Amino acid sequence: MKRWPAGTMRIVIPSSEGYEKTVAAAVRVFAVGTGLSETRAEDLGTAVSEACLNAIEHGNRGLADAAVVVTVTHHRNELLVEVRDCGRSRLEPDAALTRPDLAERVAGRVPPRGWGIYLMRQLVDAVEFVAAPRHNLTRLTVYLSSRKEREHD
């Protein structure tokens, strides 16, 4: 049997909405087990859910037979979550770098979409997007003793 690195969890889901909730719950449990506070684990779970939804909807274009692979790794000072899709479409380099306008959304002048990347950036310490030839990768990092962690205590 293949050996698996200690402190690592991998989950593979189909590109169907709803599975992101299962992944988020598993990541929260994993994160609390590393010593992350419940509040920060909830933030991470929400960010992971958003990353999975982006992978399902955009990266895999909703094709149920295109997998989303989520890998969570606990290093000494951080939790790293990688969400990989099959790369059927690419994220624009400057996508969602601006803050969505809630007033415009409430007024119905803009679609309800477009909050995922913004939320990810607010909820974790670092967000990185990598486009490779056959997949897209969203990397979310939470530092175990970060400023955000201390603010939540």
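Values in this document were obtained by computation on a predicted structure and should not be read as measured data.
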Is [Y] close to [X] at the side-chain level, that is, under 4.5 Å between some pair of heavy atoms?
X: T71; Y: T73; value: yes
X: Y19; Y: C52; value: no
X: L140; Y: M120; value: yes
X: L44; Y: V124; value: yes
X: L36; Y: V142; value: yes

Same cluster or not: [X] versus [Y], using hydrophobic residues (I, L, V, M, F, W, Y) connected whenever any side-chain heavy atoms lie under 4.5 Å apart?
X: I11; Y: F30; result: yes
X: I56; Y: F129; result: yes
X: V27; Y: I13; result: yes

How long is the straight-line distance from [atom2] of [Y] back to [atom1] of [X], given to the nearest 0.5 Å?
X: E50; Y: E20; atom1: CD; atom2: CD; result: 8.5 Å
X: E17; Y: L53; atom1: CD; atom2: CG; result: 5.5 Å
X: E57; Y: S15; atom1: CD; atom2: OG; result: 11.0 Å

Problem set entry | Salt bridge present between R40 and D125 (N-O < 4.0 angstrom) | yes
Does [X] reach the main-chain N or O of [Y] with its side chain, forming a donor-acceptor pair under 3.5 Å?
X: N54; Y: G59; value: no
X: N136; Y: A131; value: no
X: S49; Y: G45; value: no
X: D85; Y: N60; value: no

Problem set entry | For V69, the rest of its hydrophobic cluster, which grows through side-chain links under 4.5 angstrom | V12
Exercise. For the residue pair P14 and A64, what are the closest heavy atoms and their distance?
Worked result: CB-O, 3.4 Å
Which atom pairs, one a donor and one an acceptor, fall under 3.5 Å between side chains of residues 75-84 and the rest of the protein, sequence neighbours left out?
| residue | atom | partner | partner atom | Å |
| --- | --- | --- | --- | --- |
| E82 | OE2 | R139 | NE | 2.8 |
| E82 | OE2 | R139 | NH2 | 3.4 |
| R84 | NH1 | H135 | ND1 | 3.3 |
| R84 | NH1 | H135 | NE2 | 2.7 |

Exercise. In chain order, what residues pass the side chain to side chain contact (heavy atoms under 4.5 Å, CB included) check against A25, with sequence neighbours excluded?
Worked result: R28
Exercise. Can H74 and T8 be said to form a side-chain contact (heavy atoms from CB on, under 4.5 Å), step by step?
Worked result: CA-CA 6 Å; H74 174 217; T8 300; over 6 Å; no
